[in-house]
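Only one structure is covered here, and it is reproduced in the block below.
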Amino acid sequence: MTRLVPLLLILAITLGCNKDTDDPRPDFNKAALLTNISGEIILPSIGKFSADLDNLSAAFNQFSLDETQVNFEGVQEAIKTAYLTWQTVKIFDFGPIRTNGIKSAIGTYPSDTAVIASYIATGSYNLSSLGNVDAIGLSALDYLFFKQNALNELQTSANYLTYAGDVVAKMVAEFAVVTNQWTTYKATFDASTGTSSTSAFSEFVNEFNRDFELAKNAKIGVPFGKQSLGIQLPEYIEARYSGISLDLLEESIRALQKVYNGVGFTTGADGPGFDDYLIHLEKSNLDSTIDMGFNGIINKTNSFTNTLEQEMAVSVPELDVLYSLLQGHVVHIKTDMTSSFGVLITYQDNDGD
Amino acid sequence: MTVTNTFSNSVNNFLSQKVSIAPLIMFRIIFGALLLFGTLRFVSKGWVEQLYILPKYHFGYLGFEWVQKLPGNWMYLPFIVMIVTALMVIVGYFYRIAITSFFLCFTYVELIDKSYYLNHYYFVSLMCFILIWLPAHRHFSLDVKRKNVTEQHNVPNWTIRIIQFQLGVVYFFAGIAKLNSDWLMEGQPLGIWLQAHHNIPLVGPLLQEKWMAIAFSWAGCLYDLFIVFFLLMARSRKFAYLFVVFFHLVTWYLFPIGVFPWVMIFSTLIFFSTNFHEIALDRLQRLFRKDNSLNAATSKSAPFPSARWVNVTIALYIIFQLAVPFRYLLYPGNLYWNEEGFRFSWRVMLMHKEGHAVFYLKDKKTGRESEINNAKFLTRTQEDQMATQPDMILQYVQFLKAYHHGKVLHYGNEKFTIKDPEIHAEIYVSLNNRLSQKFVDKRHDLTTFAYDLKHRKWLEPFNE
């Protein structure tokens, strides 16, 4: 053993001298990435969504005082705006968003319209119960304000109006908790650069992947019939009543791309992101593959001019192309990118070996 | 003839030579404490529920699929037994029953699901098995105190050497396994794991460098190959042990490898001299105001199985241990890609494999296909392990086929009765920092392949 030590030292030094001195590998710091993501993307998007919910609440109050078509449309616009902003927030299903169960409370779809109808009819319900996640959130509002005759029902049924108000109030109240907790959680998040599967960095990478896969499966795959022997299931379409499903998909992919590139939510400035990490690891080819992959998906989504439900009826091959793009992209981000970072794809701490 | 006899005699003398029981007693106490610690840790982390109660499906071992988990919270039962029997091992109370029960419970739990296979779990199983046959309770134990067994101050040499052999196998084969180009030339997969530590002050930036990963890899390889020999030699032992402690502390700090470093740090004390263990045991006994040091006592030894019987058994065990890690040579292709003959071979921390697997259910009658939502059947850990391990892929395929066979699926206004469905898969895998490659092509109906030990031709070839 005594003889081994100098041997190892010599080995280390020889190998050390052999390394390319003209290696231009850019510096990278995970802590800087986390600080950028939390400060420039998470907090601003949480702030924006919180403001969107306040606007929604205000629009709803205005409508309930004066139930006009104009005020009704004001609520509809506020719902759409919040729904789009939500696409950024839902990526971050860890820390306060997870502990408060926000992703399922606000983002579960499709809604169970029969349950909602029965709650409105009886006027008795407990929206906080876990079994009611498909009767609340943005999807419920999509139904309540965009279904046929929505304005008429709101004007004529007190229960209907109350139910809609309760759904809005619940989101506002619950999300205020998240906003509040993130101000202190930020420091924890920024400092958690470790490699264990419970570190914030690992959770963040895992949730990034999960959110992308969820977009692929739930926003397109399931309604398009990918999990039902090719039989389309339009009742599973997200935001079916407002018809903004493809806008939501596009916004979701854009949000993921911005997180990937570390682009500030309000500033639009390019900060440290996964792209810089890959470049640091001398994988700039993979970086451009991923960035171009995002662009390809966004462009393809953009090429559809009608709602998803209409497109499903007429553009099956084109939607297939879109789905393949999404499917192929999973391999790049989940397998290639994540394995490069040395992050474990799992939620539990483990024993390794 | 004479040469053979001389050799056989000297082996015989070496194995049956009487030595102090002290190292064996210390090992019983230390290893028992490790078993207790490991089990308590496992339970307190909530893993019994996460790994054994919640999952709907488990990946059994070939030939051991009959090993099933207990219903619901009954899964805590083997763990409670393990906690109690580990305590009994430490104090030497009904020792043989205790260590046998521990071995059976531990091995039972491990056999339920290969997704959780770890080399050090296999090591614990083997070591417990060995301990069943050793007289580790014949001194400083409640069994002696209650006069259930005769006290013994000497044991045959083989009872100590077999423990050293098992530890030696772990290290040496771990070293041999590292003699491959990814490890030695590319510094992978260590490079991936080390670079993730750039937040460590001073050292962090160094860990980003490829030469550093290569240096770590070479050091690890040399350590594994030679540490046992330095531990065996009296002259280098102390320094070698410092190395053991240092090495395992570094791995514990850098990698998420749970109790393994502690198991190795404490188990390797068995390499220390009789004298060392006698002093340690003496101090321990004084804590309990028990003052019959081994040195003062006259040599007592109980009757033992005949040397011939013992020698044959030990020889068989050694052959088995030496042969199993080499069974991969029976298979063509890349070991890390195909994973044929990979487990039970001390290939510790040798690869970083990440995969993405999409399975398709194909209805033969209509030709229609569905993507399977893996999360419906598997946990994240199971899915992650399955995606890169061919035998688990086939097990999952057989499960999916059985699950869907005879199912009536209603979608919209359509109804499908699934009979004898095809299962296809498209799987991509990334190995040791390479870009992902196709692992399984969608063209195969995977239900047509047998789940056995034969070479799996349906895997896509690996490109360096």
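Each chain gets a letter, A, B and so on, in the order the sequences are listed, and its residues count up from 1. Owing to the predicted nature of the structure, the values given are computational and were not obtained by experimental measurement. Atoms considered below: every heavy atom in the structure, side chains included; atoms not considered: hydrogens, waters and symmetry mates.
- The closest side-chain donor-acceptor pair between A:Gln227 and B:Tyr411, if any, does not fall under 3.5 angstrom.
- B:Leu54 CG: more than 12 foreign heavy atoms inside a 6.0 Å radius.
- Counting non-hydrogen atoms of neighbouring residues, nucleotides and ligands closer than 6.0 angstrom, the NZ atom of B:Lys419 reaches no more than 12 such neighbours.
- Contact annotation for B:Phe255: neither backbone nor side-chain heavy atoms come within less than 4.5 Å of a heavy atom of chain A.
- Formation of a donor-acceptor pair under 3.5 Å by the B:His198 side chain with backbone atoms of A:Lys30 is found in this model.
- The part of A:Asn217 that comes within reach of chain B is its side chain, from C-beta onward, which places non-hydrogen atoms under 4.5 angstrom from that chain.
- For B:Leu254, the part sitting under 4.5 Å from any heavy atom of chain A is the backbone (N, CA, C, O) and nothing else.
- Atom CZ of A:Phe28 has more than 12 neighbouring heavy atoms from other residues, nucleotides or ligands inside a 6.0 Å radius.
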query = Does the side chain to side chain contact (heavy atoms under 4.5 Å, CB included) test come out yes or no for A:Tyr323 and B:Glu371, once each step is laid out?
reply = CA-CA 12 Å; A:Tyr323 189 76; B:Glu371 261 176 44; 2.8 Å; yes
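- At distances below 3.5 Å, not a single donor-acceptor pair connects side-chain atoms of A:Asp336 with backbone N or O atoms of B:Leu435.
- The shortest heavy-atom contact between A:Leu229 and B:Arg368 is O-NH1, 2.7 Å.
- Remark: the backbone N or O of A:Ser339 is paired with a side-chain donor or acceptor of B:His352 at under 3.5 angstrom.
- Heavy atoms of B:Ile418 lying under 4.5 Å from chain A belong exclusively to its side chain.
- When heavy atoms are compared at a cutoff of 4.5 Å, B:Phe416 approaches chain A solely by way of its side chain, counted from C-beta outward.
- Here the CD-OG distance, from B:Glu354 to A:Ser340, works out to 10.0 Å after rounding to the nearest 0.5 Å.
- In this structure, CD1 in A:Ile333 is found 9.5 Å from NE2 in B:His356, a value given to the nearest 0.5 Å.
- Residue contact with chain B, scored on non-hydrogen atoms closer than 4.5 Å, involves the side chain of A:Tyr277 exclusively.
- Enclosure of atom CZ in B:Phe246 is not indicated, since only 12 or fewer non-hydrogen atoms of other residues, nucleotides or ligands lie within 6.0 angstrom.
- When heavy atoms are compared at a cutoff of 4.5 Å, A:Leu286 approaches chain B solely by way of its side chain, counted from C-beta outward.
- In this structure, B:Ser370 contributes its side chain and A:Ser228 its backbone to a donor-acceptor pair below 3.5 Å.
- Only the side chain of B:Glu414 comes within contact range of chain A, judged by heavy atoms closer than 4.5 Å.
- For B:Val358, the part sitting under 4.5 Å from any heavy atom of chain A is the side chain, from C-beta outward, and nothing else.
- The minimum heavy-atom distance linking B:Ser436 with A:Thr335 is given by the pair CB-CG2, 3.8 Å.
- One N or O on the side chain of A:Lys283 and one on the backbone of B:Asn433 form a donor-acceptor pair closer than 3.5 Å.
- A side-chain donor from one of A:His280 and B:Gln208 sits under 3.5 Å from a side-chain acceptor of the other.
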